[in-house]
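First comes the structure, then the notes that go with it.
Computed from heavy atoms alone, side chains included, the values below leave out hydrogens, waters and symmetry copies.
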Amino acid sequence: MRLDKFLWSVRYYKTRSLAADACKKNRIKVNGEVAKASRDIIPGDEIAVRKDQINFSFRVLQVPENRIGAKLVTLHIIDTTPKEEYEALELRKISQDYYRQKGEGRPTKKDRRDLDDFISGEFSDTEDVL
């Protein structure tokens, strides 16, 4: 199976073209070497993927025939990504929340609608009193 099709079938990328683009940008390594999208994958290969500023790595156990469900991915690959990489990902998510917490910055469409409903309800009550 081709590398781009394999990465798509084990759900590392949402589409095959995204996987092929990652190969073109040298973000995918197979057995320590930069690989093209057309490279054949065989069981036992070590694949390293640079995605979202994190280096994921895994070993291929078997090659699926088609795209598989998320629950079946563990039958085809073994995740060998160090825990430090996942911790860095969590830290990155937390730091993003720090910059934009709810109620700060530009309001979302839902925030604006809630505010409009609140204001329109508040003014209609005062007019009834007068």
### Query
Quick one: does Glu46's side chain get under 4.5 Å of Ile78's, heavy atoms only?
no

### Task
Apply side chain to side chain contact (heavy atoms under 4.5 Å, CB included) to the pair Leu61 and His76, showing each step before the final yes or no.
CA-CA 5 Å; Leu61 294 177; His76 298 277; 5.7 Å; no

### Message
Count I, L, V, M, F, W, Y as connected when their side-chain heavy atoms are under 4.5 Å apart, and connections chain through other members. Are Ile54 and Val10 then in the same cluster?
### Response
yes

### Message
Minimum heavy-atom separation for Phe56 and Lys51, please, with both atom names.
### Response
CE1-O, 3.5 Å

### Task
Apply side chain to side chain contact (heavy atoms under 4.5 Å, CB included) to Ile28 and Ile47, showing your working.
CA-CA 7 Å; Ile28 312 293; Ile47 300 177; 4.2 Å; yes

### Message
Do Phe6 and Val60 have side chains that approach each other closer than 4.5 Å (heavy atoms only, starting at C-beta)?
### Response
yes

### Query
Considering only heavy atoms from C-beta outward, does the side chain of Trp8 approach that of Leu18 to under 4.5 Å?
no

### Message
What's the separation between atom CG in Asp4 and atom OG in Ser17, rounded to the nearest 0.5 Å?
### Response
9.0 Å

## Note on the structure
Tightest non-hydrogen contact, residues Asn31 and Gly44, listed as OD1-O, 4.5 Å

### Query
If you take all heavy atoms of Ser57 and Thr81, which pair is closest and at what distance?
N-OG1, 2.9 Å

#### Entry: From CG (Leu91) to CD (Glu84), nearest 0.5 Å
13.0 Å

### Query
Going by the angle between their ring planes, with limits at 30° and 60°, are Phe58 and Tyr12 parallel, tilted or perpendicular?
parallel

### Message
Return the CZ to CD1 distance between Arg2 and Ile41, rounded to the nearest 0.5 Å.
### Response
11.0 Å

### Query
Charged N to carboxylate O under 4.0 angstrom, Asp114 versus Lys110?
yes

### Query
How many angstroms lie between CD1 in Ile68 and OG1 in Thr74, if you round to the nearest 0.5 Å?
8.0 Å

### Query
Do Leu7 and Val49 pass the side chain to side chain contact (heavy atoms under 4.5 Å, CB included) test, and can you show the C-alpha distance, the side-chain angles, and the key distance before you say yes or no?
CA-CA 9 Å; Leu7 292 172; Val49 177; 4.1 Å; yes

### Query
Between Arg67 and Lys14, which heavy-atom pair has the shortest distance, and what is it?
NH1-O, 4.1 Å

#### Entry: Any side-chain heavy-atom pair of Leu3 and Lys36 under 4.5 Å
no

### Query
Between Asp45 and Asp40, which heavy-atom pair has the shortest distance, and what is it?
OD2-O, 4.1 Å

### Query
So which heavy atom on Gly69 is nearest to which on Arg11, and how close?
C-NE, 3.7 Å

### Task
For the pair Glu85 (side chain) and Asn55 (backbone), establish whether a donor and an acceptor sit closer than 3.5 Å, ignoring hydrogens and angles.
yes

